[in-house]
Amino acid sequence: MIDFCHIAPTPHLHLTEGHATHLVLAHLVEEDPEYAAFYKKSEGTIIMDNSAFEMYKRGEPMFPTERLLDCAQQVDADYVVMSDYPGEDWLKTVHAAEKMIPQLKEAKLGTFYCPQSLQGDVDGLVDSFKWGLSNPDIDYIAFSILKIIKTFV
């Protein structure tokens with residue numbers, strides 16, 4: 001099954017009401033109480049995104065696991081997008097997921113894996129997807145816009 005999620009800035013969150021699945025940005029949960037409150041009361045599946053794309057665009061480091069868990073708890077998330085590393089060796093994302101899975105399971109949160117690889121490393125990207133698909137602890141797998149752009153465009 002494929003879920004499509006809309007990401008909207010706070011003034012336009014009303015456009016996402018009634019959707020079955022929501023991708024919630026961690027950095028906005030931390031920065032914007034109105035954004036967090038909207039998703040706290042939202043119906044449907046809540047996926048706490050790690051804001052990798054947004055942090056990458058800002059030139060800032062990825063969210064640490066502890067902060068992601070805090071953000072997920074603030075909005076009663078069902079799943080958390082695990083740390084991923086756009087433009088880096090695919091094994092770095094795999095190792096981050098291996099480390100994060102037990103923490104998410106302990107917190108009773110689902111796991112969401114976002115395969116990555118070095119720019120242009122299609123074989124590494126395929127291997128990263130294979131790892132995610134073969135791991136029984138992975139609940140969701142994503143297609144990262146950063147990975148698609150950097151690999152295929």
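For reference, positions follow the sequence shown, starting with 1.
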> Can you find a heavy atom in the side chain of Val29 that is under 4.5 Å from one in the side chain of Val24?
Replying inline: yes
Partner residues of [X] under the side-chain hydrogen bond (donor to acceptor under 3.5 Å, both in side chains) criterion, sequence neighbours left out:
| X | value |
| --- | --- |
| Asp127 | none |
| Lys130 | none |
| Tyr113 | Ser128 |
| Glu17 | none |

> For Lys99, which residues count as a salt bridge (Lys or Arg N to Asp or Glu O under 4.0 Å) partner, sequence neighbours excluded?
Replying inline: none
> Among all residues two or more places apart in sequence or in another chain, which pass the salt bridge (Lys or Arg N to Asp or Glu O under 4.0 Å) test with Glu98?
Replying inline: none
[X] [atom1] to [Y] [atom2] distance, which is reported to the nearest 0.5 Å:
| X | Y | atom1 | atom2 | value |
| --- | --- | --- | --- | --- |
| Asn50 | Leu25 | CG | CG | 9.5 Å |
| Leu23 | Ile47 | CG | CD1 | 6.0 Å |
| Leu125 | Trp90 | CG | CH2 | 10.5 Å |
| Ile101 | Asp137 | CD1 | CG | 5.0 Å |
| Ile7 | Leu13 | CD1 | CG | 11.0 Å |
| Met82 | Leu68 | CE | CG | 11.0 Å |

>> Suppose clustering is done on Ile, Leu, Val, Met, Phe, Trp and Tyr with side-chain heavy atoms closer than 4.5 Å. Which residues sit in the same group as Leu15?
In response: none
> Does anything in residues 19-28 pair up under side-chain hydrogen bond (donor to acceptor under 3.5 Å, both in side chains), and if so which pairs, sequence neighbours excluded?
Replying inline: His6-His19, His27-Ser51
> Restricting to pairs with a member in residues 65-78, which pass side-chain hydrogen bond (donor to acceptor under 3.5 Å, both in side chains), not counting sequence neighbours?
Replying inline: Glu30-Arg67, Lys40-Asp76
> What residues form a ring-ring contact (aromatic ring centres under 6.0 Å, His included) with Tyr79, not counting sequence neighbours?
Replying inline: Tyr140
> Who passes ring-ring contact (aromatic ring centres under 6.0 Å, His included) against Tyr35, sequence neighbours left out?
Replying inline: Tyr39
> In terms of side-chain heavy atoms, does Thr93 have a donor or acceptor partner in Asp84 at a distance below 3.5 Å?
Replying inline: no
> Would a distance-only check, ignoring hydrogens and angles, find a side-chain to backbone donor-acceptor pair under 3.5 Å from Asp139 to Phe112?
Replying inline: no
>> As a quick check of understanding, evaluate salt bridge (charged side-chain N to carboxylate O under 4.0 Å, His left out) for Glu31 and Arg58, giving each step before the final call.
In response: CA-CA 14 Å; Glu31 297 170 4; Arg58 288 181 174 184; 2.8 Å; yes
>> So, using side-chain contact (heavy atoms from CB on, under 4.5 Å) as the criterion, who are the partners of Pro136 when residues are at least two apart?
In response: none
> Are Tyr85 and Leu104 linked, directly or through other ILVMFWY residues, by side chains that come within less than 4.5 angstrom of each other?
Replying inline: no
>> If hydrophobic clusters are built from ILVMFWY residues whose side chains come within less than 4.5 Å, do Leu118 and Met62 share one?
In response: no
